[in-house]
Amino acid sequence: MLELLFDPSFAASVPRFVTPILLAALGGALCERAGVFNIALEGFLLMGAFAAVVGSYFSGSPWLGALAAMLGGVAMGLVFAEFNLRRGGDPIVVSIAINILAAGLTTYLLRAIFDAMGAFSDPAIAGFGPVSIPGLGWLPVLGPVFGGQSPLFYLALVAVPVASLFFARHRLGLRIRAAGENPAGLVAGGVSPRRVRLYALMGCGALCGLGGAQLSIANVNLFVENMSAGRGWIAVVAVLLTRGRPWPLLLIAFIFGTVDSLSFRVQGLGMPQQFTDMMPYLATLAVLITLSWWRRGRTANGGAP
Amino acid sequence: MRTLRESAVLREAVSWGVALAWIAGVLFLLMALVGAPFGEALSAFLQNAFGGRRLSYLMATLSRAALIAGMAVSVMLSFRAGLFNIGGEGQLVAGGLVAALAALFLPGPPLFVLGASILAAMVAGAGWALLAGLLQLHLGVPLLVGSLLLNYPIRYIASYLVAHPFRDVQSGMVQSHLVPQATWLPYFPGTRLDIGILFIAAASLFAIIYSHFTLHGYHARMNGLSPAFARTVGLPVGKLTLQTLAMSGAIAGLVGAVAVFGVHHRYIDGMLVQPLYAWTGIIAVLLVGMIPWAVPLSGLFFAAIQTGAAGMERSAGVPKEIALVMQAVIILFVASRVSGALVASSERRAGGGEGA
Amino acid sequence: MRVALCGITVRFGALTAVEDVSLAIEPGEVHAVVGENGAGKTTLMNVLFGLVAPQAGAIRLDGQDRRWTSPQDAIRHGLGMVHQHFMLQESMSVLENIVLCAEPAGRFGLVDFSAARSRLRRIAEQHGISLALDRPVARLSVGERQVVEVLKMLYRQAEVLILDEPTSVLTPQEKDRLFATLRSFRTAGKAIVLITHKLDEVMELADRVSVMRAGRLVWSGRLSQTSKEEIARGIVGGALPPARQRAVRTPGEPVLAVRDLEVAGRSGAVGPLSLRVHAGEIVGIAGVAGNGQGELIQAITGLAPALSGEIALCGRPVTHLDVERRRRLGMSYIPEDRQRMGLALGATVSENANAGRDDRRAFTRGPFLDRAAMARFASGLIERFRIRVGGPSALAATMSGGNKQKLVVGRELARNTPLVIAENPTWGVDIGAIDFIHGELMRMRDEGHAVLLVSTELDEVMALSDRILVMYAGAIAGEVAGTEADRETIGRMMTSRAHQALPEVA
Amino acid sequence: QEDRLFVYVSPDPIGVNAFLQMGREGIEAAGEKFGAEVRTYESRTAADRLENVNAAVNEGADIVVLLGFEFNDIVRQVAPTAPDIQFLIVDQCIEDRPENVHCAVFREYEASYLMGVAAGMLTESGKVGVVGALDIPFLHRYTDGYAQGVKSVAPDAAVDVRWVGGENPFSDPVRAKEQALAMHSAGSDLIFTATSGGDFGVFEAAQENDFLVFSVDINQCPQAPGHVVDVTLKRVDTAMLQAIEAILGGEHVMMSLGLKEGGMSAMALEKDALADSQCVVAEHPEVVEKMRSVAASIADGSLVLEDPMFAQ
Ligand SMILES: Nc1ncnc2c1ncn2[C@@H]1O[C@H](COP(=O)(O)OP(=O)(O)OP(=O)(O)O)[C@@H](O)[C@H]1O
Ligand SMILES: Nc1ncnc2c1ncn2[C@@H]1O[C@H](COP(=O)(O)OP(=O)(O)OP(=O)(O)O)[C@@H](O)[C@H]1O
Ligand SMILES: [Mg+2]
Ligand SMILES: [Mg+2]
């Protein structure tokens, strides 16, 4: 039974689940820290997935596909900025409208560009192949997890410490944190919080775009309407849970990815699909409750704040 | 002073005009790209939102509006009290599921079964909302996250229950058996609109009166504006939180029951989730800045957009993808207009108070 | 650098906040700006700093006309401002706060913190300031935060420093340290604008004084050409209120009794503490902010749980009761944070005035509100406490600070409870309002209520209290009778080892 | 202008759903043949379906064609109120049909059974898999039929049944691919996919990891040449045409289409098309032989299969 759960493909599959969620969540973290309540990650991700296919199809290079995906995401970020930052629309309403917009626009463009309905798959779409990391192969668990994944996975892994450093040491990172915490302080320092938030939204778009590229030109090589399939919402949950802190985000993304991947295998043991589908959410709730118990326990014992 | 006010009205009107021009411009561009006739599409939109033979499309809009407005009212109660409960979907599903199962298994005269099932649905919705509240108060899970996460288990539990133990085997779908026909909500004479909308109207009326005129509503609002203030002046914050959530959940449960007894007559997997009633309710509330009387109207607005767009999709010439894009464009422009205008008007009211 | 404001006028809608004000700020001088709440001081300085665009008038730097499009322009030209409300990022360290918006960026835009650190160390040494640069601001006292704001200006090499009510939150020691720093700036040739409500500070530090009233400049000149009384008369625009007479009273029954109370605090537990407040007396708690006063009050009001010990109100144990039940038993509370705890700023005056009333029958009919009765009650408060506001239906957010405070004081005192707890009740409030609030507290005492007053303002504690308790490091360091109180004794109690509570050397 | 109006209401967005696409082709062919204007209404949710059927009635359609099993309640509600309008439900039927309700149903499990037979013969590992979009009764016609077919030729073989699930089960190639990979690494060497938009993902998995798959509805073998063994064929278009013709002829139609009627089939049964189909099964004459003989015994009634949809 255990070998069924932990068959060789299990470890290797985890990064494929983790990557899009992690990239989108890091993007969401930029917004969260900048004080932009962006729950349109689903739409950003979808647009990224679509743009990746377009870029890769016409250029024949997955890297240009990824670049196109980033641009697609940034475009959505600009739309968000226009309606939320400049026109003052409520961020939740704007987010939901953008999710609808992405769903409509991608299927519309699919028809307009490729004359395809609902899905598009073509050998001309160049996908990311696995990157082999020498010297990892012999490791029992880490080998399959960290070897032979798409380059975007490694990019996502590197993005975590980079994001952490960015918030701690980069001038824009500092300003983003200030925009989220006390924007009046930025105004007094002569910096426009709105501009800082615009940058955060653009960065968020770029990262979500890459997450989308992982979906459409790394996990598979095709586009299907609504192919983000709720992963953006999981990223939103992850961002809310961690309040946009990169390292905890990595942890949550891995929990989600592992449990999601595991849930497929548990089906093989005969658990009804409805219950396996529930698993990632219940696991998150459990982590959350444990964390808050642990925190509470620490403060109750008179520990330092 | 008068000229000031008049010019403000003028400014407002002009800015609305500009927003409408934008919407029209973007839509025109989109339609031109696929070669769809703009005027025809517009009239199809309006016709399908409000017209039809014997106003049947208006009835479709109203039927949808009932559910959206119901969810909006439910969300409004939470939001005004400062409780970011986005678990309306879970509460709605809990209500719908329990309503259907109760009606299937309760013995007794139909009216009693109907009443008891609706009550059970409201209790179920309230219970699911309370769960999120208890998670926050006692286990430190923020309401925003907890209520969102709780949407998923109930959705899958409901799906499992009607897929396995309570499935209508004959139908081949994931759905419960039909509830007894005698418990179905009747149609308004001569229409295909069920009287469920009356329940929602009553709930809306209740919510408006509650928000504006009751002590509890006043206290909840104070808590919403500043939880620290509410605690300091000795309002029972924990109790307020749970009571408000329960109320909010009960209304969501009621909406679920109305969907069961009025529209589908059974619980079908996904029937309350896929149409995004809960999310549409949330945006309907935010669009009008949680002003109670405007919330049901906002729900109607969104229902009209959706049925209009669906109708436009049906009419030849406008692909369904465009209909989605149109919805998004309309929401974007209207949202930024309305939220801006409401903030401005509340400021003006405050300024006027000082001058008096 | 010489700064001149010429004919500045600022209007907010129908209200003229600043009207045709001209004044000059000279290098090597401290220029005090005084005036009642809402006189337009902050607005005028916001104009100078580029936060508010004036309807008329000009800013002149060394004789050249300047026009700011944003504070960035003003900062670039050597202006620095410490705002009335802190503009700091609590989650960030002192160093991060100081460099924010003026980051020395190195490769890839990464901030060169070590360069900033060494430069700051030089500046701090030069002016005798010391502060641990890596502590998060959230854990600094208000005094230390003030130092951060000042360092921030210095870091940007400001030549003109504007400080808007910098001392209203400081202890005497912290104030002294700040003033020493300001004197060193003056010597260094910087121009300093100091906004304050405290005339003693003006007399102590200023070289030049400007008095504002209702948006106009009513007097401006050298300090030597005027006197404290004259300035005060200028501020209120007429005669000064007479000095207060204190009636002698013998205290009655104990209303509040606290025994061996322990509360969790920010840095370790507070307590055990014991104290009593009797009917007809004002007990003042003096002490440097952050020595456990806040925690003590939270435990008494029920906002925070007690770890151990007992609290009795009117002879009834209340340790395990919630806020609501304690208030019903006979407790009123004027919190120091009026913006967050005292008022719901988004609600109307009437809604704020009626919150927390226990005579619910008086403004409800069954579950429904009697809006007219609520408005009547609010109007009564407005009249009785002379609150300057449009009416019961105005939003609380539109009131000035002093009027907000009066509304809170009015609401709480109108409850007429045996116990009144007042926490820094005159923070940032002008002299007229201070006098009024002090008068109300005295009246409560004279009518036989027990008053527990917590204040970091030593003068306030001494002026009002029948007994004074001094808190230090979470415990009561001593007690003095009000009549025998003198600054020296109390100061020694609250500062005996107070150097430990003050900022450490970086 | 045409004097007739046919309306086709799909239960879900048509997109890549081959079954629903065939429905549209069928209605268009019928429109051409019988001189009718044709409209297609796509639904997304249960509420949309009701609205669309009502709209079709409103627009005065002559025949409303409803594809899929989702329309039973709606037809039962609406048909009695519109006696002049003919309703054709394809894929499902209701009891006590009113005069104006007609049905055409398919016995998908018969063709799926054939896939199972092929899988049972070809498996080397003794384990085969099937993945459906969502655990709904309708899809058990594919999964259970397949499993029975496997057992009929390889009683000891194990059948791994799994579902895509998730937020978007009918078009999630990423999850579908992942599920196929998981089943493959758990030992299945032949996988039957009925995942709608997810099929592409399963094909990709098959190509990358070199295993064999079966699919549904139309000839999908060219999608992954050398990796698709066979597909079930569902002739919605012809069924629709036949049914509409009968309705217009005044009949009260109740058609059940399986292997016998030619409504269901498999590439292996198509003598003419098999060679060019790019299906792997063409390289295994013994399998084709067996499938044809089983199909024959199903068609002549000597082998009776139960409809898995109504099994509990
Ligand atoms: N943004 C604004 N909108 C409307 N009115 C304003 C605004 N800012 C200031 N005012 C008004 O301008 C007047 C002057 O306010 P200002 O803050 O300058 O007073 P102040 O002298 O600093 O008072 P205090 O001593 O309380 O700080 C007040 O009456 C205030 O109501
Ligand atoms: N929306 C508004 N409409 C009208 N006046 C406003 C509004 N917001 C702020 N003000 C005015 O702006 C002034 C400045 O606000 P602020 O909170 O600094 O008050 P303050 O008088 O300086 O407070 P304090 O006495 O506590 O220092 C207030 O006096 C208030 O009357
Ligand atoms: Mg001020
Ligand atoms: Mg002030």
Side-chain angles (χ1 to χ4, degrees), chain A residues 3-14 16-17 20 42 49 103 107 110 116-121 127 129-130 214-216 218-234 260-280, chain D residues 12-18 20-21 24 42 44 127 129 131-136 139 158-188 195-205 207-209 220 223-225:
Chain A
E3 59 269 30
L4 191 66
L5 281 183
F6 295 100
D7 66 58
S9 73
F10 168 59
S13 76
V14 170
R16 292 197 289 268
F17 287 91
E42 180 80 3
T107 37
L110 195 68
M117 294 274 291
F120 178 65
S121 147
Q214 168 76 21
L215 284 177
S216 66
N219 281 2
V220 291
N221 284 319
L222 51 89
F223 181 83
V224 177
E225 70 180 301
N226 272 328
M227 84 180 292
S228 48
R231 291 172 183 88
W233 286 103
I234 293 176
D260 216 8
S261 171
L262 199 61
S263 70
F264 282 116
R265 271 92 191 158
V266 179
Q267 262 191 43
L269 300 179
M271 190 194 259
Q273 165 239 322
Q274 289 91 349
F275 289 100
T276 63
D277 276 3
M278 227 186 278
M279 282 171 51
Chain D
D12 294 302
I14 294 176
V16 269
N17 191 320
L20 300 180
Q21 282 174 352
R24 190 167 48 201
E42 295 183 49
R44 257 180 285 272
K127 188 168 183 183
V131 53
L134 192 61
D135 184 3
I136 55 173
L139 287 178
V159 182
D160 197 351
V161 184
R162 300 199 193 179
W163 310 100
V164 173
E167 291 276 286
N168 205 2
F170 286 95
S171 66
D172 197 336
V174 181
R175 281 176 76 96
K177 178 178 180 181
E178 209 53 60
Q179 192 59 278
L181 288 174
M183 276 199 284
H184 176 64
S185 70
S188 300
T195 60
S196 221
D199 291 346
F200 295 101
V202 178
F203 296 154
E204 274 196 15
Q207 283 170 311
E208 284 167 20
N209 288 43
Q220 306 217 50
Q223 299 276 355

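Applying the side-chain contact (heavy atoms from CB on, under 4.5 Å) criterion to A:Ser216, with sequence neighbours excluded, gives A:Ala49, A:Ala52, A:Val53, A:Met227. Residues passing the ring-ring contact (aromatic ring centres under 6.0 Å, His included) test with A:Phe17 are A:Phe264, sequence neighbours excluded.
In this structure, the portion of A:Val224 lying under 4.5 Å from any heavy atom of chain D is its side chain and not its backbone. Heavy-atom distances place both the backbone and the side chain of A:Asn226 under 4.5 Å from chain D. Interface residue D:Leu134: backbone and side-chain heavy atoms are both found under 4.5 Å from chain A.
The choice from A:Leu110, A:Thr276, A:Leu215, A:Asn221 that makes the most heavy-atom pairs within less than 4.5 Å of chain D is A:Asn221. When each of A:Ala229, A:Pro280, A:Ser121 is scored by its heavy-atom pairs under 4.5 Å with chain D, the top score falls to A:Ala229.
The closest side-chain heavy-atom distance from D:Pro173 to A:Leu222 is below 4.5 Å. Side-chain contact between A:Arg231 and D:Asp172: present, with at least one pair of heavy atoms (C-beta onward) separated by less than 4.5 Å.
Expressed to the nearest 0.5 Å, how far OG of A:Ser263 lies from CD of D:Glu178 amounts to 10.0 Å. Atom CE of D:Met183 and atom CZ of A:Arg265 lie 10.5 Å apart (nearest 0.5 Å). For the atom pair A:Phe223 CZ and D:Phe200 CZ, the distance stands at 12.5 Å (nearest 0.5 Å).
Here the shortest heavy-atom pairing between D:Lys177 and A:Asn219 reads NZ-O, 2.5 Å. Closest of all the heavy-atom pairs between A:Val220 and D:Glu204 is CA-OE1, 3.1 Å.
A donor-acceptor distance shorter than 3.5 angstrom exists from the side chain of A:Gln267 to the backbone of D:Trp163, with no hydrogens or angles considered.
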